[in-house]
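Before any comments, here is the structure.
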Amino acid sequence: MSANTICTESCLSREFLALGTLNSLRLYGAQPGVAGQAEALVLGLDARLSAFRPGSEIAQINRSAGHRPVAVSEETFGLLKRAKAFSSFSGGAFDISVRPLVELWGIGHKADFVPRTWRVRRTLRLVSFHDLILDETCHTAFLRRTGQAVDLGGIAKGYAADKVRRLLTEAGVQSAMINLGGNLIALGTRPDGEPWRVGVQNPCSTRGEWLGLLALTDKTVVTSGSNERFFIKDGVRYHHILDPRTGSPARSGLLSVTVIGVSSEEADALSTAAFVLGLEQGAALIMERGAEAVFAAEDGRLYLTAGLRDIFQWNHRSGHSSGRLQ
Ligand code: ADP
Ligand code: MG
């Protein structure tokens, strides 16, 4: 279900479900049909990329694992290729083939459940991005072993957000806020010419409080956190970002990583990888890509990369103190 809502004379707002989440668009100075086109674009990507939809290209690749290569669209091929390259760049902290573990844990999809260690170990053997074979000439994707599966959950919202931005820009929209399940793009400036103000959510608060506000023009903001989908058992928080080295939810001392950059696809992958890697290695990876980040650590400290110092306005009531990156 979705509908256009008029927020002010020049503002159009639209909410819709896709990619397993709630999405919202706020467009300024746009023709009325544009919001609907953006929604249709995201729904189309969902149909093609979701591992949960039996008819999607991704589900077909997963079903054919160990059997035969599957011909995919140029778009899916390109995204898989970049996701595999990023898996390698992150040293496997981000791993496009993590799906068997995602299914085993089922966090956010099945009842709270901690799998036995032997099952985690056995499933972990199926996770290796090297086993995704992409054939450039035939545009096919093939997973070497039965039981292997790919999952674009850590990158697809960012990719979709970039596509929505392109659609809006081509339609002449100069000012918009795109929010695909928390993957934000602040397009242009606010209609009054001021930078957008984007809140970085406090992972310790259930009431949507901010750690601080970022003043941004033409930037994306993407957060990965252990407070998105999780359950607590025997005092341990089990969440949906898995460490491909251990097979279990990442325990890197972080509560959340918020990446600020230009490409939402890259920021999405970076936030997932940095969450797995932890503060120091995560920050190094992010800075290598020319992006910036806010890290909320379990020790109650907040760490910012250098480029954010002048544009991040702390909420001093968030309960976090300032930390220093090495
Ligand atoms: P969210 O989807 O909440 O915005 P992320 O972008 O960090 O958060 O993506 C988490 C999703 O990515 C998981 O639900 C799962 O589908 C997938 N995933 C989990 N761990 C990894 C990992 N180490 N590498 C790649 N994808 C992952
Ligand atoms: Mg991500």
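Counting convention: from 1, in listed order, for ligands and their atoms alike.
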Within a distance under 4.0 Å of any heavy atom of [X], pick out the atoms of ligand 1 and give their elements.
| X | value |
| --- | --- |
| K157 | 1 (P), 2 (O), 4 (O) |
| A93 | 22 (C), 23 (N), 24 (N) |
| V98 | 18 (N), 21 (C), 26 (N), 27 (C) |
| S224 | 5 (P), 6 (O), 7 (O) |
| P244 | 23 (N) |

So, is the end of the R301 side chain (NZ or CZ) under 6.0 Å from the ring centre of F295 and within 45° of the ring's axis? no
Is it the case that the side chain of [X] and the backbone of [Y] share a donor-acceptor pair, with hydrogens and angles ignored and the cut-off at 3.5 Å?
| X | Y | result |
| --- | --- | --- |
| Q201 | W210 | no |
| D243 | P249 | no |
| D162 | S264 | yes |

Please write down residue, atom name and distance for the protein heavy atom closest to [atom].
| atom | result |
| --- | --- |
| atom 19 (C) of ligand 1 | H240 O, 3.3 Å |
| atom 6 (O) of ligand 1 | D268 OD1, 2.9 Å |
| atom 20 (N) of ligand 1 | L242 N, 3.1 Å |
| atom 14 (O) of ligand 1 | R229 NH2, 3.1 Å |
| atom 12 (O) of ligand 1 | G154 N, 3.1 Å |
| atom 5 (P) of ligand 1 | T272 OG1, 3.4 Å |

Consider only side-chain N and O atoms of T76 and E57, and report whether a donor and an acceptor are under 3.5 Å apart. yes
Any chance the side chains of E75 and Y159 put a donor and an acceptor closer than 3.5 Å? yes
Geometric class of the [Y]/[X] ring pair [parallel <30°, tilted 30-60°, perpendicular >60°]:
| X | Y | result |
| --- | --- | --- |
| W314 | H316 | parallel |
| F231 | Y238 | parallel |
| F86 | F94 | perpendicular |

Quick check: does I155 put an N/O/S atom under 2.8 Å from the Mg ion (ligand 2)?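 Checking I155: none of its N, O or S atoms is under 2.8 Å.
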Please determine whether T272 has a backbone or side-chain N, O or S atom lying under 2.8 Å from the Mg ion (ligand 2). yes
Would you call Q174 and L187 a side-chain contact if the rule is heavy atoms closer than 4.5 Å? no
I'd like to check F312 versus V294 (side-chain heavy atoms, cut-off strictly below 4.5 Å). Are they in contact?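 Yes. Closest side-chain heavy atoms under 4.5 Å.
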Using distance alone, decide if ligand 1 has a nitrogen or oxygen within less than 3.5 Å of any nitrogen or oxygen in [X].
| X | result |
| --- | --- |
| N183 | no |
| I241 | no |
| S271 | no |
| F94 | no |

Residue pair F275, H239: steps toward the ring pair (Phe, Tyr, Trp, His ring centres under 6.0 Å) verdict: CA-CA 12 Å; F275 189 92; H239 57 81; 5.3 Å; yes
Would you name the N/O/S atom of D268 that lies closest to the Mg ion (ligand 2)?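 In D268, the heteroatom (N, O or S) nearest the Mg ion (ligand 2) is OD1.
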Considering D95, I107, V102, which one's heavy-atom position lies nearest to atom 15 (C) of ligand 1?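 Minimum heavy-atom distance to atom 15 (C) of ligand 1 goes to V102.
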